[in-house]
Chemist: 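Handing you this structure, nothing more for now.
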Amino acid sequence: FLLGFARRALGLQEDEPVTGRKLIFILSDGNIKFASQVEYFAAQLQQVGVSAKAVILPDVRGPPGSNNLVFDLMKEGTFTAYRCFYLRDALSSEYIREILSLAKDGKIRLVPSPSPLFDSKLPLALFHSEEYNSWFKNNLTERSFDVLMKIIPKTWVLDCDAMPEELRKMGLQNWQDISKLSRSQRNFVLKPVSQSWGRGIIFLDELSKAKVESAINEALFSGEVYIIQDILNPRRLETDYFSAENNCLIGLESGIRLT
């Protein structure tokens, strides 16, 4: 997995070596809560020879001062920047604007592509859509496709003019009909595609029928794009964490979350 990820991120062919190639994960100050996860992943990539590390860019307004982190990054030589930030972060960070400018000028390789599509939840809906599912199947390896089919919940774009055939088979003629289902049947979550950190998410199985209908109507006519997803309960695994207070490992049961 590590070699496959590294080659894809670095833009290498399957037989090209990754040893010594530089991959820098760039986080904004707003994503600092994920820094430890990214640092751990970078350390794992180092084990297979990739020169990987994580850098947190401060969230600043105005031009960088004398401590120009982007300039320091450029002294690394040729590298690939893996963006762990949203494009909207460029509104408040001059550093991120510089990173995007360097990528636009072809001075660094930036992945994922600075396309707004990758900052939204729409690709999840495209993956399961009748129009695009066959494209993913033909362009991914069989193993990759099967894994994504298992971990990406069924997702649909909330569209006044389109009702998925799968939901029609449940007897639904329009999106508002979801409110007529029992709580156990409406195992769905409503999400705005452009929000993050859980903002705007509504679990439809927790609301009354009247509130479900109101939430769907508001989403349909808000002018913002929403998706509806199946709710998948995460697997729970036994793991250990180090307690600094007790100076020992302590067992913990936790749910798995894909971030």
Side-chain angles (χ1 to χ4, degrees), residues 1-18 21 23 25 37-38 41 44-45 48 50 80-84 86-87 103 109-175 177-178 181 185-196 201 204 219-220 224-235 237 255-259:
F1 168 79
L2 290 170
L3 283 173
F5 172 87
R7 288 193 176 105
R8 281 180 176 271
L10 294 165
L12 303 177
Q13 297 298 317
E14 190 172 341
D15 57 347
E16 288 187 83
V18 300
R21 304 276 187 158
L23 179 59
F25 295 90
Q37 298 175 37
V38 177
F41 188 54
Q44 295 301 300
L45 289 169
V48 296
V50 182
T80 293
Y82 194 100
R83 69 176 182 99
C84 304
Y86 294 102
L87 295 178
R109 172 179 167 82
L110 181 65
V111 291
S113 164
S115 166
L117 178 67
F118 294 111
D119 279 16
S120 78
K121 300 176 180 69
L122 277 177
L124 302 177
L126 293 178
F127 184 81
H128 283 294
S129 69
E130 298 172 6
E131 295 88 350
Y132 291 99
N133 186 257
S134 59
W135 183 92
F136 284 102
K137 188 171 185 178
N138 293 332
N139 286 273
L140 295 173
T141 65
E142 183 178 356
R143 181 175 180 275
S144 295
F145 180 80
D146 289 342
V147 168
L148 291 175
M149 281 294 289
K150 291 176 182 177
I151 66 174
I152 297 179
K154 286 290 182 68
T155 307
W156 304 277
V157 176
L158 204 63
D159 183 350
C160 294
D161 299 322
M163 192 68 186
E165 185 61 30
E166 190 167 346
L167 296 184
R168 287 189 181 278
K169 290 178 180 178
M170 296 175 62
L172 307 180
Q173 299 302 311
N174 54 58
W175 293 107
D177 282 350
I178 290 177
L181 300 174
Q185 289 177 309
R186 50 182 150 92
N187 194 39
F188 302 116
V189 60
L190 183 65
K191 300 179 179 180
V193 300
S194 59
Q195 296 291 338
S196 57
I201 289 179
L204 299 183
L220 280 170
E224 188 173 358
V225 180
Y226 277 76
I227 58 171
I228 280 186
Q229 282 183 322
D230 276 342
I231 297 175
L232 298 182
N233 294 318
R235 289 172 56 194
L237 292 180
I256 297 176
R257 180 180 178 186
L258 208 58
T259 59

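Just so you know, residue 1 is the first one in the sequence shown, and it goes up from there.
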Chemist: Would the Phe5 and Tyr82 ring centres measure less than 6.0 Å apart?
Modeler: yes
Chemist: Tell me, which pairs form a salt bridge (Lys or Arg N to Asp or Glu O under 4.0 Å) where one or both residues lie in residues 134-143, sequence neighbours left out?
Modeler: none
Chemist: Taking only residues two or more places apart in sequence or in another chain, which ones pass side-chain contact (heavy atoms from CB on, under 4.5 Å) with Glu16?
Modeler: Leu12, Gln13, Arg21
Chemist: Under 4.5 Å between any side-chain heavy atoms of Trp175 and Pro164, yes or no?
Modeler: yes
Chemist: Which value, rounded to the nearest 0.5 Å, describes the distance between Ile178 atom CD1 and Gln185 atom CD?
Modeler: 11.5 Å
Chemist: My understanding is that only residues two or more places apart in sequence, or in another chain, count here; which of them pass ring-ring contact (aromatic ring centres under 6.0 Å, His included) with Phe136?
Modeler: Phe127
Chemist: Measuring only between side-chain heavy atoms, which start at C-beta, is Leu167 closer than 4.5 Å to Ile228?
Modeler: no
Chemist: Can you name the side chain to side chain donor-acceptor pair (under 3.5 Å) partners of Thr141, sequence neighbours left out?
Modeler: Ser144
Chemist: For a 4.5 angstrom cut-off between non-hydrogen side-chain atoms, does Leu190 reach Leu158?
Modeler: yes
Chemist: Are any of the side-chain heavy atoms of Val225 and Ser194 separated by less than 4.5 Å?
Modeler: no
Chemist: Over all heavy atoms of both residues, which pair between Met163 and Gln173 is shortest? Give the atoms and the distance, please.
Modeler: CG-O, 4.2 Å
Chemist: Only counting residues at least two apart or in another chain, list the ones meeting salt bridge (Lys or Arg N to Asp or Glu O under 4.0 Å) with Asp230.
Modeler: none
Chemist: Work out which heavy atom in Asp177 is nearest to a heavy atom in Gly171; give both atom names and the distance.
Modeler: OD2-O, 4.5 Å
Chemist: Would you call Asn133 and Met149 a side-chain contact if the rule is heavy atoms closer than 4.5 Å?
Modeler: yes
Chemist: Counting C-beta onward and ignoring hydrogens, is there a side-chain heavy-atom pair between Leu87 and Pro114 closer than 4.5 Å?
Modeler: yes
Chemist: Looking only at non-hydrogen atoms, find the nearest pair between Pro153 and His128 and report the distance.
Modeler: O-CD2, 3.2 Å
Chemist: Which residues pass the side-chain contact (heavy atoms from CB on, under 4.5 Å) test with Arg109, sequence neighbours left out?
Modeler: Thr80, Val111
Chemist: Going by the rule side-chain contact (heavy atoms from CB on, under 4.5 Å), which residues pair with Val38 if we only count those two or more places apart in sequence or in a different chain?
Modeler: Phe25, Leu27, Ala54, Cys84
Chemist: Quick one: closest heavy-atom pair of Leu204 and Arg186, and the distance?
Modeler: O-NH1, 2.6 Å
Chemist: What residues form a ring-ring contact (aromatic ring centres under 6.0 Å, His included) with Tyr132, not counting sequence neighbours?
Modeler: none
Chemist: How would you list all residue pairs meeting salt bridge (Lys or Arg N to Asp or Glu O under 4.0 Å) that involve residues 153-162, not counting sequence neighbours?
Modeler: Lys154-Glu166
Chemist: Could you pull out all residues at least two apart from Ser120 that satisfy side chain to side chain donor-acceptor pair (under 3.5 Å)?
Modeler: none
Chemist: Identify, with sequence neighbours excluded, every residue that meets side-chain contact (heavy atoms from CB on, under 4.5 Å) alongside Val48.
Modeler: Leu2, Leu3, Val50
Chemist: Enumerate the residue pairs fulfilling salt bridge (Lys or Arg N to Asp or Glu O under 4.0 Å) with a member in residues 115-128, sequence neighbours excluded, ordered by first and then second residue.
Modeler: Arg83-Asp119
